[in-house]
Each structure stands twice: as structure tokens, then as C-alpha cells.
Amino acid sequence: MAHHQNIVFMTLVVFGIVLSGLIYLVYTSTSHRYKQPRFCHKIKKEDQENSLLHLQSPYGLSYKQPSVVSPDGKVVPVAPWLAPVVWEGTFDPTLIDSIYKQQNITIATTVFALGKYTLFLKDFLESAEQNYFVGFRVHYYVFTDHPEHVPAVKLSEEHHLTVLTVPSSNRWQDISLSRMARLEKLIESRLFNEADYVFSLDVDSKFYGRWGVETLGRLVGAIHPGYYQTPREQFPYERRPESQAFIPSAEGDYYYGGAVIGGLVKDVHEVAKTCREQLDIDASKSVEAAWQEESHLNKYFLYNKPSKLLSPEYLWQDFKPHTNEVKIIRYSQVIKNYAAVRPNK
Ligand code: UDP
Ligand code: MN
């Protein structure tokens with residue numbers, strides 16, 4: 001009997017040691033993520049509900065790269081954290097429209113058109129009017145240094161447009177980088193009051209198909225059309241540890257395009273604010289991530305998983321040949337002459 005108690009005692013001791021080891025490991029491996037959930041009993045109910053919605057994952061976790069297209073060529077409509085990936089056939093437009101119709105929502109949409117990029121506005125806006133949240137309230141916020149070049153496009157009844165004048169830049173990298181800071185500030189000054197959801201979209205693009213309420217979610221990212229069948233170690237993430245956008249080669253879910261960021265105003269504010277802070281840290285060390293704010297966005301989305309993903313139907317590139325899995329191209333980057341439209345190389 002005494003012998004039996006000894007075994008029980010020893011088992012408990014070993015178990016205790018292993019458990020403390022595990023707790024230590026989990027603690028250290030998560031200690032440098034963006035926002036650490038704290039185990040605190042006095043946490044406000046509202047904050048607790050909010051943080052339960054967030055899908056944070058720790059640094060350094062090892063798991064299989066999610067696939068976008070299965071080996072038999074079928075598209076995969078769900079991410080491994082159970083977020084839907086929106087493809088043609090995964091939603092019923094009539095049903096989903098009628099559900100959201102009852103919610104009286106406003107979708108803010110920010111578009112930057114600085115320097116020569118104002119020439120993309122006409123096609124962007126005209127094609128959006130045909131395809132983008134048709135029948136829902138949309139408010140476009142066009143940031144430009146040339147307000148006189150913003151074309152007069154006839155908008156449908158529930159769609160509105162505000163032009164916001166900003167100073168010019170002579171480096172495209174700065175224009176691209178400053179989008180996060182400007183989005184952050186616009187959300188603080190206006191969107192918290194004026195909208196429910198916000199999308200930030202590249203202007204050098206056109207809509208060719210429906211982009212509607214199926215794209216709405218708490219936090220929404222789009223899978224980049226150039227890398228959806230690429231092994232994660234070949235993603236063009238920032239690979240230098242000195243950048244805040246650094247992602248080790250063994251990590252990564254998808255490569256997200258910087259041309260699309262969306263979600264609830266509050267959640268997009270968190271993305272813009274965090275990325276802007278990380279960009280500032282990099283800038284203070286004269287580091288510029290491989291793909292500027294897109295690299296920082298990819299880092300954010302890796303450790304703060306989007307609640308909904310848009311398939312490459314929602315972010316294509318006109319020069320890319322059509323593929324079997326992408327049945328409809330809805331929004332696509334137009335072909336541009338970089339030397340002609342950008343202020344610098
Ligand atoms: N942009 C701009 N003026 C510029 C360069 C960029 O307004 O001179 C804005 C514009 O909204 C553009 C976005 O920044 O869609 C991203 O830049 P770009 O499209 O050139 O990057 P790419 O999609 O080619 O990586
Ligand atoms: Mn672009």
C-alpha cells in the first residue's frame with residue numbers, strides 16, 4: 001500500500017514538473033506577440049467578449065500550411081481556424097443580400113489616388129458603381145493631392161463620395177506607406193461615427209463582377225492571386241529580423257494582398273494603427289520592409305487571423321492568365337506602366 005502511494009506521489013510530482021514546464025513554454029513563446037491576453041479576473045465583460053472574438057495565434061507555432069486549392073483541383077472554402085474563404089458558390093447572393101438589407105449598414109471605402117494615380121479613378125469608380133455593394137450604402141473617401149483631377153462619376157442613390165486633399169509625395173513607397181497612418185486618422189476623425197464597415201482598396205484596379213455583403217466580416221483579408229499555390233517559405237514576406245514585419249520561413253498561412261483590407265471599423269483601426277506603429281519603428285531604424293505596408297499587413301494577419309478571407313476572385317491581376325479554380329474575376333489590378341505612373345523608381 002505504501003509502495004502504491006509512493007507511485008501516486010511520484011506521478012503527481014512528475015506531472016507538476018511537466019505542467020510548469022509547459023506553462024513556461026507557452027508563456028515565453030507568446031510573450032512577444034502584439035497583444036497578450038491577460039488572465040485577469042477583473043477584466044471588463046465587454047473587453048472580454050471583444051478579446052474572445054479575436055483569433056490570435058502565438059509566434060513560432062508549427063503546423064501545416066493551409067491549402068487554397070485541394071489536390072483534386074477543388075477550391076477550399078474554409079481556413080484551418082474555421083474562417084470562411086469566399087468563393088463563387090459558397091454564398092447565395094439573394095439570401096445574403098436580404099439578410100444584410102435589414103441591418104441598415106454603411107460601408108466606408110478608402111481609395112488613395114496621388115500623383116498620376118488619379119487617372120485610375122474613373123474606371124475604378126465607374127466599375128464599382130456597377131458591381132460594388134449595389135443597393136447598399138457606400139461612402140467613398142478619395143485621398144488625393146489633385147482634387148481637381150477627381151472625375152465626376154455619377155453615383156447611385158445610396159453611394160456618396162468625399163474628396164480629402166493631402167500633400168504630394170515624390171516617392172511611391174511613401175505614398176503606399178502613408179496609407180496606414182491616413183486610414184488610422186480617418187477612422188478616428190470620422191469613420192467611427194460614419195460607418196459600420198470599411199474597406200481600403202487599391203485604385204489601380206477595376207471591378208468585373210459582384211463584390212457584395214458576402215465580403216463583410218469582423219476582419220477581412222484577400223489572398224494574393226500571385227501566391228495562392230506557393231509554399232510558404234517562398235512567400236515574399238519580410239525575412240530580415242531587423243524589420244518589425246519579419247516572418248520566419250517556417251511560418252505563414254497565406255500571402256495576403258495589400259490592395260484589400262476590410263472589416264468592422266474598430267478592427268480595421270487596430271490593423272492600421274498597429275501597422276503604422278510597426279512602420280514607424282522600422283522607419284526610425286531606416287528599415288523598409290520588402291513590400292512596405294503589405295509586409296506589415298501579412299505579419300498582422302499571421303498572428304491576428306482574419307475572420308473571413310476573400311479568395312483570389314476578389315483580388316486578381318489583369319495580366320494573369322485565367323485559371324480553372326477562379327470562376328469569376330470580381331476585382332483586378334489593371335496593367336500599368338510603372339515608369340509612367342509612379343513619381344520615382
Ligand atoms: N498610390 C498612389 N500614387 C502613387 C503610388 C501609389 O496613389 O504614385 C496608391 C494607389 O492607391 C495604389 C496604391 O497606392 O493603388 C498601391 O500602389 P501600387 O498600386 O503602385 O502598388 P502595387 O499594387 O503595384 O504593388
Ligand atoms: Mn495596385
Side-chain angles (χ1 to χ4, degrees), residues 108-128 132 140-151 153 161-186 198-208 211 221-228 230 235-238 245 254-262 268 271-272 275-276 279 288-298 301 310 312 314-320 329-345:
T109 301
T110 60
V111 209
F112 291 78
L114 282 88
K116 305 228 173 69
Y117 278 58
T118 51
L119 63 86
F120 297 112
L121 274 170
K122 189 168 186 290
D123 282 357
F124 175 91
L125 290 169
E126 283 179 356
S127 64
Y132 185 70
Y140 303 101
Y141 297 83
V142 177
F143 288 84
T144 184
D145 52 347
H146 289 291
E148 71 283 8
H149 293 164
V150 176
V153 171
L161 187 148
T162 298
V163 178
L164 301 164
T165 306
V166 294
S168 303
S169 283
N170 41 31
R171 278 183 81 240
W172 65 265
Q173 293 90 338
D174 294 336
I175 296 172
S176 198
L177 289 167
S178 68
R179 286 197 291 177
M180 288 294 186
R182 292 199 165 117
L183 178 60
E184 178 191 2
K185 296 289 165 310
L186 178 73
V198 53
F199 274 101
S200 167
L201 300 176
D202 261 24
V203 74
D204 58 326
S205 30
K206 252 164 123 167
F207 292 87
Y208 297 110
W211 177 313
I223 299 172
H224 193 294
Y227 304 96
Y228 67 86
T230 302
F235 285 162
Y237 289 154
E238 173 55 56
Y254 308 97
Y255 189 77
Y256 299 97
V260 176
I261 309 171
V268 175
V271 178
C275 291
R276 193 265 306 151
L279 285 159
E288 189 172 280
W291 290 99
Q292 294 82 35
E293 85 289 4
E294 184 173 80
S295 306
H296 290 270
L297 180 71
N298 271 280
F301 280 162
L310 305 182
Y314 292 85
L315 179 55
W316 200 251
Q317 290 166 313
D318 280 357
F319 69 76
K320 259 185 90 71
I329 290 165
R330 303 168 189 277
Y331 171 78
S332 181
Q333 301 266 298
V334 301
I335 295 168
K336 61 181 184 284
N337 177 348
Y338 283 92
V341 295
R342 283 181 170 175
N344 63 310
K345 279 201 181 149

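All heavy atoms count here, side chains included; hydrogens, waters and symmetry mates do not. Every number for a ligand or one of its atoms is a count from 1 in the order of the listing.
- Under the 4.5 Å side-chain criterion, counting only non-hydrogen atoms from C-beta, Phe120 is not in contact with Ser205.
- Nearest residue to atom 19 (O) of ligand 1 from Asp204, Val334, Asn170 is Asp204 (criterion: closest heavy atom).
- Side chain of Lys336 to backbone of Asp204: no donor-acceptor contact under 3.5 angstrom is found.
- Under the side-chain contact (heavy atoms from CB on, under 4.5 Å) test applied with Leu201, the options Phe112, Tyr140, Tyr331 reduce to a single match, Tyr331.
- At distances below 3.5 Å, not a single donor-acceptor pair connects side-chain atoms of Ser176 with backbone N or O atoms of Trp172.
- Contacts between Leu114 and ligand 1 below 4.0 angstrom, taking non-hydrogen atoms only, involve backbone and side chain alike.
- Note on ring orientation: taking the six-membered ring where Trp is involved, the planes of Tyr227 and Phe235 are perpendicular (angle over 60°, cut-offs 30° and 60°).
- Ranked by closest heavy atom to atom 25 (O) of ligand 1, the top entry among Gln333, Arg342, Gln317 is Arg342.
- Close contacts of ligand 1 with Tyr338, meaning ligand atoms under 4.0 Å from a residue heavy atom, involve 24 (O).
- Here is the list of ligand 1 atoms found below 4.0 Å of a heavy atom in Pro343: 8 (O).
- Listed by number with element, the atoms of ligand 1 under 4.0 Å from a non-hydrogen atom of Ala113 are 7 (O).
- Comparing heavy-atom distances from atom 10 (C) of ligand 1 across Phe112, Trp172, Phe120 singles out Phe112 as nearest.
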Trace of the side-chain hydrogen bond (donor to acceptor under 3.5 Å, both in side chains) decision for Asn344 with Gln173: CA-CA 9 Å; Asn344 63 310; Gln173 293 90 338; 3.0 Å; yes
His224 vs Gln317, side-chain contact (heavy atoms from CB on, under 4.5 Å): CA-CA, chis, key distance, verdict: CA-CA 9 Å; His224 193 294; Gln317 290 166 313; 3.9 Å; yes
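- The nearest non-hydrogen atom to atom 24 (O) of ligand 1, considering only Glu294, Gln292, Lys336, comes from Lys336.
- Atom OH in Tyr256 sits 13.0 Å away from atom CG in Leu315 (nearest 0.5 Å).
- Only the side chain of Arg179 comes within contact range of ligand 1, with a heavy atom under 4.0 Å; no backbone atom does.
- Counting heavy atoms of neighbouring residues, nucleotides and ligands inside a 6.0 Å radius, atom NZ of Lys122 does not exceed 12 of them.
- The atoms of ligand 1 that sit less than 4.0 Å from any heavy atom of Ile175 are 1 (N), 2 (C), 3 (N), 4 (C), 6 (C), 7 (O), 8 (O).
- Residue contact check: Asp202 has heavy atoms under 4.0 Å from atoms 13 (C), 15 (O), 16 (C), 19 (O), 23 (O) of ligand 1.
- Ring planes of His146 and His149: parallel class, angle under 30° (limits at 30 and 60°).
- Take a cut-off of 2.8 Å around the Mn ion (ligand 2): the protein N, O or S atoms inside it are Asp202 OD2, Asp204 OD1, Asp204 OD2, Gln333 OE1.
- Note that CZ of Phe199 and OH of Tyr314 are 9.5 Å apart. Values are rounded to the nearest 0.5 Å.
- When hydrogens are left out, the protein atom nearest atom 20 (O) of ligand 1 is Tyr117 OH, 2.4 Å; that is the closest non-hydrogen contact.
- Using a 4.0 Å cut-off between charged nitrogen and carboxylate oxygen, Asp202 and Arg179 count as a salt-bridge pair.
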